[in-house]
Protein chains: 2
Amino acid sequence: MTEKNKKTIYDIALRAGASPSTVSAALNGTWKKRRIAQATAERIIGIANDDGYSANLQARALRTSRSGLVALLMPEYNRFFSNIAQTFSREVRARNQCPIIISTERNPDEERATVADLTSWSIDALFFVGSVAPEELSLQCQAAEIPHVFVDQPCALAPSVITDNRNGARILTQEISRSMMRLAGGIGTGPRDTIYFLGGDRSLPSTRNRVAGFSDEMIAQFGRLDPGQVLATTYDMDVATQTISDLYERLGGLPRGLFINSDSVFEGALRFLATLPEDELNACAFGCFDYEPFGQLLRFPVHMIRQRHKMLVQRAFALLESNSPPVIEQVQPEIYRAGVMTGQATVVPIRPGAASSGEITNPV
Amino acid sequence: MTEKNKKTIYDIALRAGASPSTVSAALNGTWKKRRIAQATAERIIGIANDDGYSANLQARALRTSRSGLVALLMPEYNRFFSNIAQTFSREVRARNQCPIIISTERNPDEERATVADLTSWSIDALFFVGSVAPEELSLQCQAAEIPHVFVDQPCALAPSVITDNRNGARILTQEISRSMMRLAGGIGTGPRDTIYFLGGDRSLPSTRNRVAGFSDEMIAQFGRLDPGQVLATTYDMDVATQTISDLYERLGGLPRGLFINSDSVFEGALRFLATLPEDELNACAFGCFDYEPFGQLLRFPVHMIRQRHKMLVQRAFALLESNSPPVIEQVQPEIYRAGVMTGQATVVPIRPGAASSGEITNPV
DNA sequence: ATGGTGTGCAACATCGATTGTGCAAACTCC
DNA sequence: GGAGTTTGCACAATCGATGTTGCACACCAT
């Protein structure tokens, strides 16, 4: 019991009266190929089991230069990324490998350093989620010959899976404008009689695409879009609070519709909104491009777009495993359509291009 | 450029006209101890740099039997655990090691298997958060001589850091009962004129302690506690919805106070609460033993207890690094006291034993 | 008996870094 | 100038598992 720990194949070999190589073959399953008698293999496996042997994975990885580690780099542990991480973990473990999840805090240097680190661990594959500097990272991986894939933030040099932000934004905008109709029974032409886009970062493709989708639909519905309606200035919660507060001042009240880009912005905006009287809130149609369960339970209805994290991750694995060339695959999000009265949501998956028909259609 | 990759110290040695051992010493910083001339060391480091050398960590780990990996096992990626993970990551990287975060889905077998896996990776230390079967895991780690520590769920056999659930619950209960007074201007003696405890799992110490704290304060305030007031039946969201719905039926309305144990239960309860008219909600004082930012922004005030994840993790590191014997260290949570009118919260740290004074006191 | 074909396993080199040991050359000191 | 010390580095063993090679033996057919 209190003997020195850490059995090795040599210990087992000794106890089994066999050679280390035989033990190795027996234990790693290659014994059939290596023409070890079944009896021998079973005997060795038995001994290993009751000796509590477990292989030294460093040694194995050193020898085989495959570590069985698969890593995921993400910016932070928010709801969306955490969901991604969860799904990722499951998928990796289903493949009998070990998931490693690292947050790099949106710091490009941290990202580079982490990739370098992981390279030294002969990581088997690498997932980048919401990465800050995709191209550079891809080159780094290519140099180290590490298969990799990008999720949520596309990369020109590697397979990528992203949400169809443009279409999602279009549909969310459509839904917001419908609610506006219902709430107002018609729409005037004042500066408040339109939808404002709040939050995001225009240097990121996802924000750009959402703005594009927003714009598409605004032009389709209202015939025009004043650039001043797009306040894609920040993902920061506190700044968002300020932005909407300023907007409120400027307009002399809430606009009739708000397109809120991400849950952090949502939270920031809510800090301000919570101070407003009920009837003002109920005169505005809200949409959030992110899913936040509590959003369904506020004192006013909020439509929400939810990215399909499971699908995103699964497609990413598919691309990785099929050794895909650099392509960008788009996944349609779901919309949580808020009942205006109940605050209860109806979940509706979205088909590609569905918005263009002017209708949200359920898939068959 | 397109040559075979993966430089080794042998390659560098060749190019530097030195021996591999000299290169090794130069690169890993031990060159001073090994009496390598500074000039030589610098020359080698220079060459390594522009050759893009990076050490094979498997080889190093195999030789030194220290991997530089520190792992965290947690049940799932919810808000609390994700925060823990975030803090953990930072702390580990601050120590120049590599954080590994794995979720085991509340499955004891998964936990055991994962620990076994990590053992094989010669992990340097192991953090268990909210583990299901602490004692068994501790024994496993002891056998493998892996330093380890428990967070949030205590273990009798290893150092543990947990939130002072009992005191937190006491204070939350106190806060709820205060709100009740304010809302009702006095409290009757009907079955609804009291606080109900909703959610949790009595097989877990945390729930037991929270129930104990709840009970302490109820007896202090009301003189008695009917066991039927404690519905610590589940952490499951859907079950929680059902439980509160049943309670509502049974009592013919909401009780005057609700102690909600965890955010998942909160979310479940809200699904039901969202269907109630405003005045019923405003006649009930809510408290949640978990922090959920959106909770501050509902149409009724909710007091919340927030565990100090940063402190929990930091104390855990402290215990680990001081090679602590099995002790259980308690960390006081914070309370987010909801303004009854505004829904805005006041954050108040809690001192140990503060509740017993009948007052919540700020630390000095 | 002889050669040919399988079968079952052991020997040994190897992955890349670390580290104890040894040994020249340079440098002291009397 | 010879003994002793220091400086600077190379050699070689080692961590534990893998996989190629090769050898001994058994079995079969001619």
Side-chain angles (χ1 to χ4, degrees), chain A residues 4-45 47-48 51-68 117 119-122 124 144-145, chain B residues 4-45 47-48 51-68 117 119-122 124 144-145:
Chain A
K4 304 249 174 65
N5 266 308
K6 298 297 176 166
K7 308 277 177 195
T8 72
I9 50 170
Y10 299 91
D11 301 325
I12 306 294
L14 224 59
R15 235 163 83 53
S19 81
S21 58
T22 303
V23 172
S24 170
L27 294 179
N28 68 20
T30 58
W31 55 270
K32 216 152 197 170
K33 295 188 226 300
R34 316 235 347 238
R35 302 200 325 255
I36 305 296
Q38 176 157 355
T40 313
E42 280 167 358
R43 191 166 48 85
I44 291 176
I45 291 173
I47 294 178
D51 270 24
Y53 168 83
S54 82
N56 181 321
L57 297 181
Q58 326 278 9
R60 173 176 300 164
L62 175 57
R63 187 59 231 257
T64 62
S65 68
R66 300 198 65 251
S67 64
D117 239 46
T119 302
S120 310
W121 279 109
S122 351
D124 289 347
E145 292 173 9
Chain B
K4 302 251 175 63
N5 265 309
K6 299 297 177 167
K7 309 275 177 198
T8 72
I9 48 170
Y10 298 92
D11 301 326
I12 307 295
L14 226 58
R15 229 159 92 51
S19 81
S21 60
T22 303
V23 172
S24 171
L27 294 179
N28 68 20
T30 58
W31 56 270
K32 216 154 199 169
K33 293 189 228 302
R34 294 183 60 89
R35 303 199 327 255
I36 305 297
Q38 179 157 352
T40 312
E42 280 168 357
R43 191 166 47 86
I44 291 178
I45 292 174
I47 294 179
D51 270 24
Y53 169 84
S54 84
N56 181 322
L57 297 181
Q58 324 278 8
R60 172 176 300 164
L62 173 58
R63 185 60 230 257
T64 63
S65 67
R66 298 197 67 251
S67 64
D117 241 45
T119 303
S120 310
W121 279 108
S122 349
D124 290 346
E145 293 173 9

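Keep in mind it's a predicted model, so treat the numbers as computed, not measured.
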Subject >> Angle between terminal axes - the helix from C:dA1-D:dT30 to C:dC30-D:dG1, 5 pairs each end, rounded to 10° >> reply: 50°
**OP:** Would you classify A:Arg35 as touching base, sugar-phosphate or nothing, given that sugar-phosphate means primed atoms plus P, OP1 and OP2, and contacts are heavy atoms under 4.0 Å?
**Re:** base
Subject >> Flag side-chain contact, heavy atom, 4.5 Å: A:Asp51 against A:Asp11 >> reply: no
Original post:
Tell me: CG of B:Leu62 to C1' of D:dT14, nearest whole Å?
Top reply: 9 Å
Original post:
Is the closest side-chain heavy-atom distance between B:Ser24 and B:Arg34 below 4.5 Å?
Top reply: no
Subject >> d(OH, A:Tyr53; P, D:dG16) in whole Å >> reply: 10 Å
Quick one: which protein N/O atoms are closer than 3.5 Å to N/O atoms of nucleotides 10-13 of chain D? Pair and distance per line, please.
| from | atom 1 | to | atom 2 | distance (Å) |
| --- | --- | --- | --- | --- |
| D:dA10 | OP1 | B:Ser19 | N | 3.4 |
| D:dA10 | OP2 | B:Ser19 | N | 2.7 |
| D:dA10 | OP2 | B:Ser19 | OG | 2.9 |
| D:dA10 | OP2 | B:Thr22 | OG1 | 2.6 |
| D:dC11 | N4 | B:Ser21 | OG | 3.0 |

**OP:** Please state how far atom NZ in B:Lys32 lies from atom P in D:dT7, giving the value in whole angstrom units.
**Re:** 13 Å
Original post:
Minimum heavy-atom separation for B:Ile12 to B:Ile47, with atom names?
Top reply: CG2-CG2, 4.1 Å
Original post:
Reading DNA chain C 5' to 3', which nucleotide is the first, and which the last, to come under 4.0 Å of any heavy atom in chain A?
Top reply: C:dT7 to C:dG16
**OP:** Measure from the side-chain N and O atoms of B:Gln58 to the backbone N and O of A:Ala59, and report whether any donor-acceptor pair falls under 3.5 Å.
**Re:** no
Original post:
For B:Arg66 and D:dG16, what is the distance between atoms CZ and P respectively, to the nearest whole Å?
Top reply: 16 Å
**OP:** Write down the distance between CG (A:Leu27) and P (D:dG16), rounded to a whole number of angstrom.
**Re:** 15 Å
Original post:
Within this structure, what is the CH2-to-C1' distance between B:Trp121 and D:dG16, rounded to whole angstrom?
Top reply: 13 Å
Subject >> Minimum-distance pair of heavy atoms, taken over all atoms of B:Thr119 and B:Ala144 >> reply: CG2-CB, 3.4 Å
**OP:** Looking only at non-hydrogen atoms, find the nearest pair between A:Ile36 and A:Ala41 and report the distance.
**Re:** CG2-N, 4.2 Å
Subject >> Close side-chain approach of A:Ile9 to A:Tyr53, heavy-atom, < 4.5 Å >> reply: yes
**OP:** Answer with base, sugar-phosphate or nothing: what part of the nucleic acid does B:Thr30 contact at a heavy-atom distance below 4.0 Å?
**Re:** nothing
Original post:
Contact class for B:Ser65 vs. all strands (heavy atom < 4.0 Å): base, sugar-phosphate, or nothing?
Top reply: nothing
**OP:** Rounded off to whole Å, could you give me the CG-to-C1' distance for the A:Asn56 and D:dT14 pair?
**Re:** 13 Å
Subject >> Atom of B:Trp31, atom of B:Ala26 and distance for their closest heavy-atom approach >> reply: CD1-O, 3.5 Å
Subject >> Gap between atoms CD1 and P, on A:Ile9 and D:dG19 respectively (whole Å) >> reply: 11 Å
Original post:
Of all heavy-atom pairs between A:Arg43 and A:Ala16, which one has the smallest distance, and what is that distance?
Top reply: NH1-O, 2.8 Å
Subject >> Side chains of B:Thr8 and B:Asn56 in contact at under 4.5 Å (non-hydrogen atoms) >> reply: no
Original post:
Okay, side chain of B:Ser19, backbone of B:Thr22: is any donor-acceptor separation there less than 3.5 Å?
Top reply: yes
Original post:
Is there a donor-acceptor pair closer than 3.5 Å between any side-chain N or O of B:Ser67 and the backbone N or O of B:Ser122?
Top reply: yes
Original post:
Taking only side-chain nitrogens and oxygens of A:Thr8, does any of them come within less than 4.0 Å of OP1 or OP2 of D:dC15?
Top reply: no
